[in-house]
Structures are given as structure tokens and as C-alpha cells.
Protein chains: 2
Amino acid sequence: MAHREDSTSLLKQKGLTPTPHRVMVLGILGNSPSPLSPQEIFATLQRSHPMNRVTLYRILDMLVAHGLVERIQSGDRAFRYGLNAQSPHAEHPHFYCSHCGSIQCVHADSIHVQVEDIQKTFPGLIQRMEIRLDGICKNCLRNHKGKKAGNERAAQKP
Amino acid sequence: MAHREDSTSLLKQKGLTPTPHRVMVLGILGNSPSPLSPQEIFATLQRSHPMNRVTLYRILDMLVAHGLVERIQSGDRAFRYGLNAQSPHAEHPHFYCSHCGSIQCVHADSIHVQVEDIQKTFPGLIQRMEIRLDGICKNCLRNHKGKKAGNERAAQKP
DNA sequence: GACATAATGCAACTGAATTGCATAAAGGTC
DNA sequence: GACCTTTATGCAATTCAGTTGCATTATGTC
Ligand SMILES: [Mn+2]
Ligand SMILES: [Mn+2]
Ligand SMILES: [Zn+2]
Ligand SMILES: [Zn+2]
């Protein structure tokens, strides 16, 4: 969990001026256990430190471009942003609940994808990998499984 | 590669009336080596069998709902659609070129993700998995790497 | 053929993100 | 501090992909 000072120094390390806006955004991401959508970040900001949503998008883009933040795709049409895991071994899948849209980090060691092996035979340059699991989250499973219909579209039979 | 008759019978198998539109869409997907965006499908259709784009979206949704077609997320904001691999073992990652936006199927056997293992400890219900590799495709690598700037945003340092 | 149901078309709308340009803040030089 | 350049933020309008509501047309059943 990154606190204000951490966020500031992280920004400085990357040669980015630690403006209040940037520090706030990075702090929110650092305090969240799971990646957040711009909307969620925006809502959190509104309460204490309102900013224009374009600014938020630009800050997120910049943080991603400098490797401080990771942008992942969820099952829906909005991206999620989370602090970038420093070590390449901390890569992990994310679970997307197609009912409520929530995202969770999944730390499982039964994931063995040898990108290097694929790279040997694949003609393009592989820079990144993303693994997503789709399904129904714990909460939605018990809150009787069909109350307020969410975005069920992503569920498809294999 | 599914031909007209194949598409028709596939639809019938699922109890769907094989209308010309549906047969065409399924045929296009069957003839493509890689998943296509609605835009690409639409453009292909325009030449021979124009249809309203809402109809296309509805047909794609239906095909996915009935398991004939798989909808995957690429690095950008548009979904891609491809014939659903019948056997669960045919699951494979997809490569997304962040420069030109093209998608390729990656058939590699160095992918070992035991969803069952994850399911043992994960409290939600896992229904599906999606693996995506991001990078620069063969073509974009050689066509001197910085001509018409594409959607470079997805590229982020690990 | 009359009727019910399913499929398609059309227009307007939505949500997420982007673009262009104006304004404000930060930094450097004298 | 005044002056200028660069960087950051705000605001309005726009794009892009997909969705919704409702009218119209096809398809099937008796
Ligand atoms: Mn995570
Ligand atoms: Mn494929
Ligand atoms: Zn849920
Ligand atoms: Zn490419």
C-alpha cells in the first residue's frame, strides 16, 4: 500500500513532477487491493480532491507509459488500472465477475506460461501477457443468483 | 473452414433458423484464420451482402450465446469474434499487435494453466479463461518500426 | 389467408475514451 | 520580481463501439 510519500518518490524516480493530482491517483491505486476503473477512481477523488476526468485519463496514461501502473482489460468495455507488480514473476491473472463487473487479483501458482517458449516460434515480438478468468464472484453466487441482472453477456459456453 | 452448408447445418444443430444473414456471418468467421472485429465483418459483408450493423451485432451476440462463436478481447476497445474451438483442449492464446491492431491465434503447448487447481482455492465460479499476448507483429516489425503510428498505448514496460 | 412469432432495419442513445484548444501553474534566466 | 518557455489542467466537442426502442418485414402454423 503506497502512501503519499511513497507515491511522491515513485513519481520522482521516474522523473515525473509529483503534482497533487498525480500523487492522489497513484495513492488511490496503491491503496486498492484490486485494479480500479477510471470511474471508480474518479468517484473516490470526487470526495476529497475533485479533478477533471480528462486529467485523470491523462494521468493514468502517463503512469502506464512509465511503467508505474498496469492497465488490464476486464470482461467489459472499461479498462482497469492497478499498481504495476515490480518483478516479472508477480504477474498474475485477474478474475472478472460477469454479473457485477468486479475484478479480483488471482494469485495462483498453477499458472505456468512460458512466454519465452512461445517467443521461440512466434514471429512477432511479445511484450506482455494478460490472463483473465471470467465467471461469477463469491458475492454474486450467494446473493441469489439472478436478482439485478448484470452484464451477463460475457458468459459463453465452452 | 466452414462453407455455406456447414454454417447452415451448424445453425440448425443449435435450433437456430439459418437465415441468409446468419449463414453469411458464420461463413465469414469460418473462413478467417483469425478472429475478426465487427467492423471487419461488416466491411466484408458490404461487398456482397450488406446488412444493418445492429443486425450484425445481434447475430454475433446470438452465436456467442449458443456457443458457436467465441468473443475475445483484444488490446483495444473492440471485441473480436471467431469460430469456437469445439474441444476444451483447443483453447489457445491470442496475440494482439499494439501497432496495427491485428489479432493472431497462437497455438503453443507451453501453456499450462490448470483452471481446476485455481478453482479449488478460488471462492467464485470460474467459467472461462482468456490469455492474450501483446506486442508487435512480424509485419509491423519489418515495415520500419515507426511509420504510421498505431495504437501504441497498450505497450507498457513490465 | 389470418394470425402469431421471429428477424431485420432505422434512429436515437449510451458509456468510455480522445482531441483540440484555452487557461493556469511551474521553472528558468536575468 | 518581470519575462518567457514549458508543463499541467480544464472545458467542450467529438469519436468509437456497442445498445435500446420501436417500426417494418419475413417466416411459420393453423
Ligand atoms: Mn492484480
Ligand atoms: Mn483463435
Ligand atoms: Zn459479482
Ligand atoms: Zn502489426
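Values reported hereafter were calculated over all heavy atoms of this structure, with side chains retained and with hydrogens, waters and symmetry mates removed. Order of the sequence lines fixes the chain letters, A, B, ..., with proteins taken first and strands second; residue numbering starts at 1 for each chain.
- When the C1' atom of D:dA8 is taken as reference, atom NE2 of A:His49 falls 12 Å away, rounded to whole Å.
- Along DNA chain C, the nucleotide closest to A:Gln39 and the one closest to B:Pro20 are compared, and the more 5′ of them pairs with B:Pro20.
- Between B:Asp76 atom CG and D:dG18 atom P there is a gap of 9 Å when expressed in whole angstrom units.
- Note on B:Thr17: a side-chain N or O is less than 4.0 Å away from OP1 or OP2 of C:dA7.
- Applying the 3.5 Å distance criterion, the base of C:dG9 shares a donor-acceptor pair with the side chain of B:Arg58.
- As judged by a 4.0 angstrom heavy-atom cut-off over every strand, A:Arg22 is placed among residues touching the sugar-phosphate backbone only.
- In this structure, the nucleotide among D:dT19, C:dT18, C:dA17 sitting nearest to the side chain of A:Phe79 is C:dA17.
- Look at CD1 on A:Ile41: it is 14 Å from C1' on C:dA17, rounded to the nearest Å.
- Residue B:Thr55 has no polar side-chain atom (N or O) positioned under 4.0 Å from OP1 or OP2 of C:dA7.
- Side-chain atoms of A:Tyr81 and A:Pro38, non-hydrogen and from C-beta on, do get closer than 4.5 Å to each other.
- In this structure, the side chains of B:Pro93 and B:Arg132 stay at 4.5 Å or more apart for every pair of heavy atoms.
- At a cut-off of 3.5 Å, with distance as the only test, no side-chain donor of B:Ser98 or A:Arg128 sits close to an acceptor on the other residue.
- Picking from D:dT9, C:dA7, D:dT20 the nucleotide with the shortest atom distance to the side chain of B:Thr19 gives C:dA7.
- Atom CD1 of A:Ile59 sits about 10.0 Å away from atom CG of A:Leu26, to the nearest 0.5 Å.
- Picking from D:dG10, C:dG9, C:dA16 the nucleotide with the shortest atom distance to the side chain of B:Met51 gives C:dG9.
- Between A:Ile59 atom CD1 and D:dA8 atom P there is a gap of 10 Å when expressed in whole angstrom units.
- Straight-line distance from the CD atom of A:Glu40 to the P atom of C:dA17: 11 Å, rounded to whole Å.
- Checking B:Arg77 against B:Met62, the closest nucleotide of DNA chain C that is more toward the 5' end is the one next to B:Met62.
- Between B:Lys120 and B:Asp117 a salt bridge is recorded (basic side-chain N to carboxylate O distance below 4.0 Å).
- Here the nucleotide nearest the side chain of A:Ala78, chosen from C:dA16, D:dA17, D:dG10, is C:dA16.
- Across the protein-nucleic acid pair, B:Leu16 atom CG and D:dG28 atom C1' stand 16 Å apart, rounded to whole Å.
- If you measure from atom NZ of B:Lys12 to atom P of D:dG28, you get 11 Å, rounded to the nearest angstrom.
- Counting any heavy atom pair closer than 4.0 Å across all strands shown, A:Ser37 reaches no nucleic acid atom.
- B:Leu11 pairs with exactly one of B:Thr19, B:Thr17, B:Leu68, B:Asp6 by the side-chain contact (heavy atoms from CB on, under 4.5 Å) rule, that one being B:Leu68.
- Residue B:His21 has no polar side-chain atom (N or O) positioned under 4.0 Å from OP1 or OP2 of C:dA7.
- Side-chain proximity of A:Asn52 to the nucleotides C:dG9, D:dG10, C:dA16 is greatest for D:dG10.
- Positionally, the nearest nucleotide of DNA chain D for A:Leu56 lies more toward the 5' end than for the other of A:Arg53 and A:Leu56.
- Computed from coordinates, the A:Leu60 CG to D:dA8 P distance equals 15 Å when rounded to whole Å.
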